[in-house]
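What follows is a set of notes on a single structure, which appears directly below.
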Amino acid sequence: MSRRGKYLWFVLDDGTAERALVAHLGMSGQLLLIDPADVPERVRMNHVRVTFDLTGSRDLSEARQLWFVDQRTFGGLFVDDLVDDGAGGAVPMSICHIARDPLDPLFDEARFVRELRKRESGIKRALLDQSLISGVGNIYADEALWRSRLHFDRSCSRLSRSVVTGLLEAVRDVMVEALAEGGTSFDDLYVNVNGESGYFDRSLHAYGRAGDPCDRCGRTMVRESFMNRSSFRCPNCQRRPRSLETGT
DNA sequence: AGTCGATCCTGCAGGC
DNA sequence: TGCCTGCAGGATCGAC
């Protein structure tokens with residue numbers, strides 16, 4: 001199995017290895033290893049979209065299956081042609097625009113810093129742009145911004161090289177810590193392939209903490225609407241950029 | 001070309 | 001009790 005950002009794929013063994021089965025979990029998608037004779041109670045059958053027989057066995061008591069389960073159907077499965085990724089590997093054609101994630105040894109840090117600083121948009125929009133950097137979603141973006149003391153609407157083009165580098169380091173720290181704790185689970189929708197929850201939600205400093213004191217300075221954290229979703233920040237540590245302030 | 005807001009979906013929580 | 005509204009958010013699309 002291979003991965004690029006939030007996409008993962010299985011090369012189809014048809015003798016040519018030119019095509020892959022690509023999956024994206026979206027918001028609520030799950031890939032689960034299931035014994036069909038013993039389906040966990042939490043799996044809602046009306047959310048089961050695709051099942052794969054992994055053994056080929058006709059004996060259901062021995063069968064292990066890979067299930068693609070998705071409540072909100074933001075995820076998906078599709079077959080795609082593989083193309084050269086420019087580094088001796090292959091990547092599905094439809095996701096070749098997705099950048100590598102910052103933990104990937106081949107992540108091009110210089111390119112990320114250069115391209116980000118050309119953007120006229122706010123910094124959080126850039127962090128969520130998978131063609132610049134992949135693997136960062138709303139939660140990890142908020143966490144990295146909190147650690148870097150940056151407001152989500154700070155203009156990319158006005159950030160110094162060192163600030164961007166520091167932010168990238170914060171993104172990496174968040175990802176490494178989240179992985180070590182098994183990811184972020186709020187409920188049964190967020191589990192690994194064996195149905196197990198992660199514990200990173202207990203380590204969040206920003207996301208979902210509106211009304212709570214900032215872990216750094218004690219000021220009350222706030223929630224704001226951003227890109228039709230939520231942004232959480234400390235109004236003291238992560239000041240609104242002057243150019244966006246109203247009034248004086 | 002770059003930027004931005006709207007949109008898709010379902011289940012659940014909260015208000016009245 | 002039950003209806004209604006808002007919210008969760010990755011990625012894409014059309015508008016400007």
Side-chain angles (χ1 to χ4, degrees), chain A residues 3-9 22-32 40-50 67-78 80 91-102 111-112 114-146 151-159 171 174-175 178 183-191 197-198 200-201 204 206-212 221-233 240-241 243-244:
Chain A
R3 184 182 65 79
R4 174 69 66 91
K6 301 163 193 169
Y7 289 87
L8 47 92
W9 67 90
V22 188
H24 192 289
L25 301 182
M27 257 287 291
S28 53
Q30 308 172 326
L31 282 168
L32 298 170
E41 203 170 318
R42 58 183 169 72
V43 176
R44 305 268 287 260
M45 294 306 291
N46 58 324
H47 296 158
V48 178
R49 310 298 176 184
V50 182
W67 284 18
F68 182 70
V69 182
D70 195 7
Q71 176 205 111
R72 269 169 262 180
T73 67
F74 274 27
L77 282 179
F78 55 96
D80 195 12
V91 64
M93 190 160 53
S94 57
I95 61 172
C96 61
H97 66 287
I98 304 286
R100 293 177 185 274
D101 69 73
R111 173 188 174 275
F112 169 74
R114 188 176 62 241
E115 294 299 320
L116 184 138
R117 294 182 68 227
K118 285 185 195 169
R119 297 288 177 102
E120 289 299 324
S121 67
I123 183 65
K124 185 170 176 181
R125 180 176 269 273
L127 279 182
L128 296 177
D129 184 338
Q130 305 295 301
S131 67
L132 275 179
I133 184 172
S134 68
V136 180
N138 197 41
I139 298 173
Y140 298 160
D142 273 7
E143 292 304 306
L145 289 170
W146 181 86
H151 187 282
F152 60 83
D153 236 353
R154 286 281 294 274
S155 170
C156 290
S157 62
R158 295 189 189 184
L159 295 177
V171 170
V174 169
M175 285 181 152
T184 310
S185 300
F186 297 111
D187 52 42
D188 281 350
L189 282 182
Y190 306 92
V191 294
S197 291
F200 190 63
D201 58 310
L204 295 176
Y207 186 84
R209 298 199 63 239
D212 294 346
M221 302 285 292
V222 297
R223 170 194 175 277
E224 284 157 323
S225 188
F226 172 77
M227 285 174 75
N228 270 12
R229 42 188 57 69
S230 292
S231 258
F232 298 90
R233 69 180 175 98
R240 177 174 296 277
S243 57
L244 295 173

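Predicted, not measured: the structure shown is a model, and the values here were computed from it.
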Name the nucleic acid region contacted by [X], choosing base, sugar-phosphate or nothing; use a 4.0 angstrom heavy-atom cut-off, strictly under.
X: Ser28(A); value: nothing
X: Tyr7(A); value: sugar-phosphate
X: Asn46(A); value: sugar-phosphate
X: Glu120(A); value: sugar-phosphate
X: Arg125(A); value: base

* Ser94(A) and Tyr7(A): side-chain contact (heavy atoms from CB on, under 4.5 Å), yes or no, with the steps? -> CA-CA 11 Å; Ser94(A) 57; Tyr7(A) 289 87; over 6 Å; no
Residue-phosphate contact under 4.0 Å: [X] side-chain N/O, [N] OP1/OP2:
X: Arg72(A); N: dC12(B); result: no
X: Ser230(A); N: dA8(C); result: yes
X: His47(A); N: dG11(B); result: yes
X: Asn228(A); N: dA8(C); result: no
X: Gln130(A); N: dA11(C); result: yes

* When the distance from CZ of Arg4(A) to C1' of dG10(C) is rounded to whole Å, what number comes out? ->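 In whole Å, dG10(C) C1' and Arg4(A) CZ are 17 Å from each other.
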* Mind listing the closest non-hydrogen atom pair of Ile123(A) and Cys156(A) along with its distance? =>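 So the two residues come closest at CA-SG, 3.7 Å.
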* **Upstream residue (5' side of DNA chain B) when Gln71(A) and Ser121(A) are each assigned their closest nucleotide** =>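 First, find each residue's nearest nucleotide; the 5'-ward one identifies Ser121(A).
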* Asked: Start at the 5' end of DNA chain B and walk down; is the nucleotide closest to Arg229(A) or to Gly122(A) reached first?
  ->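 Upstream on the strand: Gly122(A).
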* To do: Name the closest nucleotide to the Arg119(A) side chain, picking from dT3(B), dG11(B), dA11(C).
  =>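 Between dT3(B), dG11(B), dA11(C), the one nearest the side chain of Arg119(A) would be dT3(B).
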* Lys6(A)/Asp101(A) ion pair, N-O < 4.0 Å ->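 No, no charged N to carboxylate O under 4.0 Å.
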* Do Lys124(A) and Arg233(A) come within less than 4.5 Å of each other through their side chains, counting heavy atoms only? ->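 No, side chains not in contact.
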